[in-house]
Every structure is written in C-alpha cells, then in structure tokens.
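These values consider heavy atoms only, across backbone and side chains, with no hydrogens, waters or symmetry-generated copies. Whatever order the structure lists them in is the order used to number ligands and atoms, beginning at 1. All values derive from a computational prediction rather than experimental measurement.
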Amino acid sequence: MIIKRNEEECILYQRRKSMENITMYYKDCATCDHINSENVNQAALVEAEIDTQSHPRLVHTADGNKYFTSAKDASLIVLDIDLTDAGLYTCLVQGDSLLKNSTADLFVLLPPQCHNLIPSFTYHNGDVNQQTLFDCNVHYRGNKPPIILWKHDKQELNTGTDYHNNTFAMATLSFKPDKKYDGYRFLCLVEYPSAKFLTACQTKPPLQIYYPVHLNKMIIKPQADEYVYNSGKTINLDCQASGNPHPKYRWTFKPKGDNSAETILATEPRYTITDADKRNEGTYNCTVTNNINGTLFIDTQTKYIKINDENSSDGEYRFVIIQSSQEDNTTPNPTTSAVSPYAIGAVICAVLAVILILVFVILGMKFRDQCFLMQMRDKRTHTRLTRDHDENMDDQEIELLDESVQSSVRTDEPQYGRLKLYWEIPRKDIRLVEEIAAGSFVEVWKGKMKKYPNSSEIQKVAIKKLIENATEQERKFFLGEMEVQKMLQPHPNVILLIGCYTFHEPWLLMLEYAQEGTLYEYLQYSRPGAQTVQISSNSVHHKNINSHRLLAIAAQVVNGLMHLQKFKLIYYRLKTSNILVGRGGICKLTGFGFPHEITERNQYENDTLPVECMSPESLKEQIYNYRTDIWSYGVLLWEIIHFGLSPYLNLEREEIEDDILYQLMLECWQEDPMKRKEYPDILQVLSNMAADHSLHILLDSLPDTCKFTQAV
Ligand SMILES: Nc1ncnc2c1ncn2[C@@H]1O[C@H](COP(=O)(O)OP(=O)(O)OP(=O)(O)O)[C@@H](O)[C@H]1O
Ligand SMILES: [Mg+2]
C-alpha cells in the first residue's frame with residue numbers, strides 16, 4: 001500500500017490488518033518549506049539528500065528494522081504500521097548546496113467498531129418505549145482527532161463525539177425508533193477532516209422493530225366492476241400486508257352458498273384463479289398473521305368474486321326477454337280493436353301464456369345445455385387432473401403406486417369430490433422421504449412437497465399414508481379425519497392440513513411437519529430427572545425447560561382446545577403422546593373429531609384407549625363432549641408438569657393442597673361435569689401465573705412413586 005504525501009502535508013493511514021506497510025514518497029519534498037518542530041510527536045526523523053543527478057534520496061532512517069529507504073525512488077517504507085507510527089515525519093533535501101526541510105504528518109486510525117446494544121424492539125399500541133443504543137468507537141493516534149458521523153442513507157444523524165486521552169473517540173446514536181426504522185442498518189463514518197479521509201463501519205444485524213401484522217390492501221386484477229368476471233378469465237388476487245416478523249399469508253375460499261366448507265388455496269401473498277368458472281364463485285379471504293413473543297396477531301379481508309358463466313350469457317337469454325317485451329308493446333293491435341274487451345283480454349292472456357311457455361321451454365333447454373356443458377367440463381377437468389397425477393412420476397412415486405389398485409381408480413366420490421379440486425395435490429409434487437412412525441392404520445412419513453403449483457419452493461411435510469389392505473372402516477376413518485381437517489380454520493396450536501392425494505391409492509394426507517415429535521417425547525427429553533413439581537416462591541430453574549415454558553405448553557394446549565370447541569370438535573384422546581410439538585416448541589393438536597364419530601372410533605381402538613385420562617362419564621357411559629376433554633386436560637396438566645410421567649393417580653393431595661396448579665387440576669376433575677372449569681378460565685389462571693415472576697414450579701425432587709419414566 002502506497003500513500004503519497006498530500007497537499008496539506010498530512011498522511012493518513014488506516015490500519016487494516018497487521019503487517020501492512022506504507023511507503024512515503026518524498027518526491028515533492030524539495031518544494032516544501034514549512035516545518036513546525038513543535039508538532040513533532042513520536043516522529044521518526046529521516047533525512048534526504050539530492051544526489052548528483054538532482055534526484056532526492058533518503059540517506060538516513062531512525063530505525064533500520066522498522067523504516068527502510070530505497071535509494072532508487074527516494075522513499076521511506078514503514079513496516080507493520082501501528083498506532084505508535086503516528087507523528088510528524090521530516091525529510092531533509094539537499095541540492096545545489098540548498099537544504100530544504102519538509103514534514104509529513106502521519107495519522108493512524110484503527111478500523112472503527114459498530115455495536116448494536118439493543119437489537120430489537122417491540123412496537124405496542126403505536127409506540128416503542130425505549131431508545132436505541134448504537135455505539136461507534138475508534139482508536140486513533142495523530143495530531144488532530146477524527147470526527148464521527150452517524151448516517152442512514154444520505155441523512156446525517158446528529159450525535160456528539162466523546163474523546164478520551166486523545167487516542168479514543170466514541171459516538172453513541174440513541175433515539176426513539178419508529179416502525180419505519182425496521183430493518184435499518186446505520187453507517188458510522190470516521191473522518192479526518194483535513195485529509196478528507198473516510199473510514200466506516202455498519203451496524204449489524206439490522207434493527208428489528210416487531211409490530212403486529214396489518215393487511216394494507218387486497219388487490220384483484222384485472223379490475224372489474226363489483227368483482228364480476230366472465231368465465232375463462234385469469235384473475236390474480238394479491239394480499240399486501242406489513243408486519244414484523246414477516247406476515248404469513250393464507251388464502252381461503254368459500255364456494256357460493258356453501259357455508260360449511262372453507263378451503264385453503266394458498267399460503268403466499270398471491271393466489272391466481274386460472275380459467276375461472278362458476279365453481280370459482282364465492283368468498284375469497286386473505287388472512288395474515290404474525291407472532292410476537294408468543295402473541296398471535298391476525299388481520300383479514302374478504303371479497304366476493306362473481307363469475308358470469310359464458311354459456312348462460314347474455315345473448316340468448318336477453319333475446320327472449322326482449323322478444324317478450326316486444327310482444328307486450330304490440331298487444332294493442334288495430335285489427336283486434338273492434339272486438340270486445342273480454343275477447344281482447346282473452347287474447348292477451350293467451351299470448352302471454354304462449355310467451356311464458358316459450359320462455360320456460362327455452363330456459364329448460366338452456367339449463368339442460370348448461371348441465372351438459374358443466375358435466376363435460378367436469379369430465380375434462382377430471383381427465384386433465386388424472387393425467388396430471390399419472391404423469392411425471394419419479395421412481396419413488398411409481399414404487400408407491402400399486403399398479404393393481406390404480407386400475408380401480410375411484411372417480412365417483414361425491415362427498416369428497418366437491419373439495420377435491422382445491423385440496424388435491426398432484427402426486428408428482430409430493431415426495432415421501434423417510435418413514436417416521438406408524439399409527440393404527442397409517443404410516444407416517446417425513447416428506448417434501450411443492451409449496452404451490454409450478455413453484456420451485458419446497459416445504460417439509462408430514463405425510464400420513466393409508467396402509468395397504470386398509471379395511472372399509474379404516475378408509476372411512478382416514479377420510480373422516482381428512483374432512484374434519486378440511487373444515488377447520490388454521491390455528492397455530494392445531495396441526496395444519498396442507499393437502500391430500502386421493503386420486504389413486506395409497507391415499508396421502510399432507511400435514512404441517514412437527515419437528516419436535518410428540519409432546520410426550522418433548523417433555524421426556526427436557527426432563528431434568530427425578531423431581532417434584534410444586535408452585536412455590538422458592539425458585540429452582542432448570543437449564544432445559546423452566547416453569548414458564550411448562551406454563552406456556554399448558555396454555556397452548558388450552559388455546560388449541562378452544563379453537564376446536566368453536567368447530568364443535570372434541571379431542572377425546574387428550575394425552576401428551578397425542579399432541580405434537582413444532583418448531584420453537586409450539587404445541588399442535590392432532591387426531592380430534594366430532595363427538596358422534598367417536599364412539600365408533602373408540603370401539604375400534606378399544607385396547608389403546610387412554611383410560612387414565614378419561615372422565616368417569618366417558619369410562620362408565622361412553623359420553624364424550626368438551627367437558628370430558630376438560631377432565632382429560634386436568635390429567636394432561638399433571639403430565640406436563642411431571643415431564644411426561646404416567647398420570648399419578650394416587651397423588652398425595654394434602655402435600656400440594658395450596659398449589660395453584662393442583663387447584664386447577666382439581667377444578668378440571670369435578671365429578672359434576674357442569675362444575676368443571678371452562679377453557680377461558682383455565683387460560684386466565686395460567687396467564688396470571690405466567691405473569692407472576694415470583695411463582696415457579698419446583699423441579700428439584702420427585703416422590704419415589706414418580707421415579708419412573710415409562711408412560712402407559
Ligand atoms: N404432523 C406430524 N409431524 C411429525 N410427526 C407426526 C405428525 N403426525 C404424526 N406424526 C408422528 O406419527 C405418529 C402417529 O401419528 P398419529 O398419532 O397422528 O396417528 P394415529 O392414526 O392417531 O395413530 P395412533 O393410533 O398412534 O393414535 C405420532 O405419534 C408422531 O410421532
Ligand atoms: Mg395418535
């Protein structure tokens with residue numbers, strides 16, 4: 001690296017890494033005549049001389065190991081420059097018996113350091129009630145101090161600079177951030193004014209301002225009056241939202257006149273309706289969510305899109321109406337005016353009757369045509385989809401398809417056919433990777449699938465594959481589970497159905513992948529060992545999982561149960577091994593159903609019923625409802641705070657009578673179902689406990705009776 005002496009006789013050097021050398025040229029040295037010996041500060045004095053060819057040459061250096069001169073180009077080389085090399089360098093030039101002095105001021109600056117002391121803020125009720133704290137500091141050595149400037153884009157941000165011992169400068173950038181600062185990175189510039197020399201550092205990571213999601217706009221293109229489109233159109237639906245963490249998008253659809261079914265269309269900001277037809281008519285809803293410190297924020301907007309079926313169009317149908325009105329206008333015919341008013345009336349009635357009959361006949365024909373056309377279209381779509389599903393199978397998919405079963409493809413399943421077009425995922429977009437578990441009649445696979453049609457984005461999924469040779473009843477259960485999942489709105493504490501494949505066997509259900517496995521496993525491996533669990537003011541923290549984490553798990557399960565209750569669903573097999581845990585330890589409910597379907601399923605699974613979790617009325621009278629779930633929840637709560645131990649039914653109650661959690665369990669275990677605590681009240685108790693930082697679950701000793709890890 002070469003730095004030339006500049007006009008102001010200053011040399012500025014930023015040390016970048018060790019062992020860097022600089023070379024100072026003394027070419028112009030002879031023209032310099034200014035010297036201020038008082039400014040000399042740790043300078044290395046050098047001398048130069050004009051040689052016989054009138055060429056300046058350095059003749060002496062202060063330290064042979066550090067400073068070198070080169071006879072050829074009259075330069076001074078400084079090796080491995082550091083802060084102590086700063087100072088005034090002088091050269092002596094001699095020529096024609098004239099001696100001239102010149103100085104060069106070397107200023108050394110270490111690279112500045114930027115620190116982001118508070119990297120994230122949460123925006124609440126339109127405000128962030130804390131100040132940022134960015135630090136920029138620099139070590140330097142030289143006659144003049146550097147100036148530190150904070151900048152964002154081109155805007156200068158005012159801060160003062162503090163100097164210490166003439167060797168250290170620091171500027172702190174502190175302000176109350178706003179939502180707009182989300183993602184900002186600030187630049188700290190260090191300037192040595194007279195040298196116009198700049199060095200800089202940038203804050204990292206970017207400033208995070210967490211703020212709730214807001215759905216700014218729902219845009220439908222092409223634009224149309226009142227969102228009425230002709231069939232065959234391609235319609236783009238865009239959802240524009242802001243929020244940090246980045247919003248998650250979900251497009252759902254409710255067909256016209258069908259309030260039961262809501263279908264998830266996409267989980268991207270854009271959903272495209274291609275080749276629109278009457279079946280695409282309905283309510284489109286975009287829901288955006290983001291989660292800030294465990295609180296879920298939701299915003300949503302809805303639009304109704306109407307599709308004009310081209311075949312019912314305009315031309316023919318209107319023609320009939322125009323005809324009829326023409327008839328009306330021509331009724332007062334002069335040739336009939338002499339006839340009695342009764343006769344005229346009778347004729348008019350007759351004409352109207354004929355017109356009406358004509359209208360009905362034409363409409364009837366038209367309706368038949370339409371049905372025919374719709375049938376044709378359905379057939380075409382089905383053939384296209386079936387082709388889609390058959391083609392491009394990779395080796396693995398071909399392996400999975402049993403040729404003999406393929407021939408008996410089910411094309412007529414009215415109860416599921418309605419939804420098929422929206423939920424069915426082409427088989428070529430699904431890949432089964434590894435079998436992870438076996439359920440009663442399913443194999444559970446870890447798999448991958450495309451995020452949306454024709455996308456290159458891949459997502460991890462759990463795939464439930466119906467076993468070969470499944471009985472009719474098992475098929476029914478499989479499809480039943482699928483149907484329940486389809487009608488359920490997404491919820492962070494309920495496992496999400498992504499899609500299905502039921503065109504050929506084996507049938508597949510694609511679900512959100514819960515990477516931590518079951519809650520039972522999760523609690524087991526987070527378990528600190530033998531322990532008793534109590535709420536008390538003596539806090540004992542555990543390195544893996546603490547009391548607040550356990551309370552959060554308990555609260556997430558209640559949240560999920562409340563969501564199921566909205567859809568009149570019950571859990572009925574509530575226990576830790578039937579709850580899944582996703583990324584970040586978020587609990588996800590799975591395997592629920594409608595009360596009336598449960599009796600049959602229970603008979604089928606009679607020997608695996610979690611009797612230890614079941615309410616007295618479920619055990620005695622096979623009654624299942626959300627109040628029996630509350631009983632099971634009490635047992636689950638016990639399991640949670642005992643890290644997945646098998647429910648300990650002979651609990652020594654007096655030992656923990658004052659315990660808030662134990663009281664909560666007792667309120668779930670009321671013999672009279674009507675007296676059991678309701679979900680919102682349970683949630684309230686748990687959040688009060690979580691807010692009270694003096695309460696902790698004691699995790700240090702466990703009664704002997706609990707010292708086993710086997711779950712039933
Ligand atoms: N979405 C998922 N993500 C990760 N693992 C899953 C997922 N779904 C299921 N599993 C794994 O597969 C196992 C069986 O799944 P599940 O309990 O849903 O099936 P099941 O038909 O209800 O069987 P069971 O008779 O065991 O209740 C689970 O215990 C879990 O280990
Ligand atoms: Mg299960």
- So is Lys446 close enough to ligand 1, meaning a heavy atom under 4.0 angstrom away?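 Flag not set, Lys446 not near ligand 1.
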Check each atom of ligand 1 against the heavy atoms of [X] and keep those under 4.0 Å away; list them by number with element.
X      : answer
Lys464 : 16 (P), 18 (O), 19 (O)
Ile436 : 5 (N)
Val444 : 6 (C), 9 (C), 10 (N), 11 (C), 12 (O), 14 (C), 15 (O)
Ala462 : 1 (N), 2 (C), 3 (N), 7 (C)
Ile495 : 1 (N)
Leu580 : 1 (N), 2 (C), 6 (C), 7 (C), 8 (N), 30 (C)
Arg573 : 27 (O)
Val442 : 21 (O)

- So for Glu512 against ligand 1, with non-hydrogen atoms under 4.0 Å, the contacting part is backbone
Report yes or no: does [X] contribute a side-chain atom to a donor-acceptor pair with the main-chain N or O of [Y] at less than 3.5 Å?
X      : Y      : answer
Asn285 : Thr252 : no
Trp251 : Pro269 : yes
Asn493 : Val557 : no
Asn578 : Arg573 : yes

- Can you label the angle between the Tyr284 ring and the Phe253 ring as parallel, tilted or perpendicular, going by 30° and 60°? tilted
- Out of Gly591, Ala437, Gly517, Gly439, indicate the one that has the non-hydrogen atom closest to atom 13 (C) of ligand 1.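 Going through Gly591, Ala437, Gly517, Gly439 one by one, Ala437 has the nearest heavy atom to atom 13 (C) of ligand 1.
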- Message: If you take the nearest heavy atom of each of Leu509, Leu496, Leu497, Asn578, which one is closest to atom 17 (O) of ligand 1?
- Response: Asn578
- Item | Side-chain ion pair, Lys675 and Glu667, N-O less than 4.0 Å | no
- Query: Would you call Arg676 and Glu617 a salt bridge, taking side-chain N to carboxylate O under 4.0 Å as the test?
  - Reply: yes
- Flag yes if more than 12 heavy atoms outside Lys303 fall under 6.0 Å of its NZ atom; otherwise flag no. yes
- Query: Within a radius of less than 6.0 Å around NZ of Lys450, do more than 12 heavy atoms belonging to other residues, nucleotides or ligands occur?
  - Reply: yes
- Query: Are any of the N/O atoms in Thr518 less than 3.5 Å from those in ligand 1?
  - Reply: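 Among all N and O atoms of Thr518, none is under 3.5 Å from an N or O of ligand 1.
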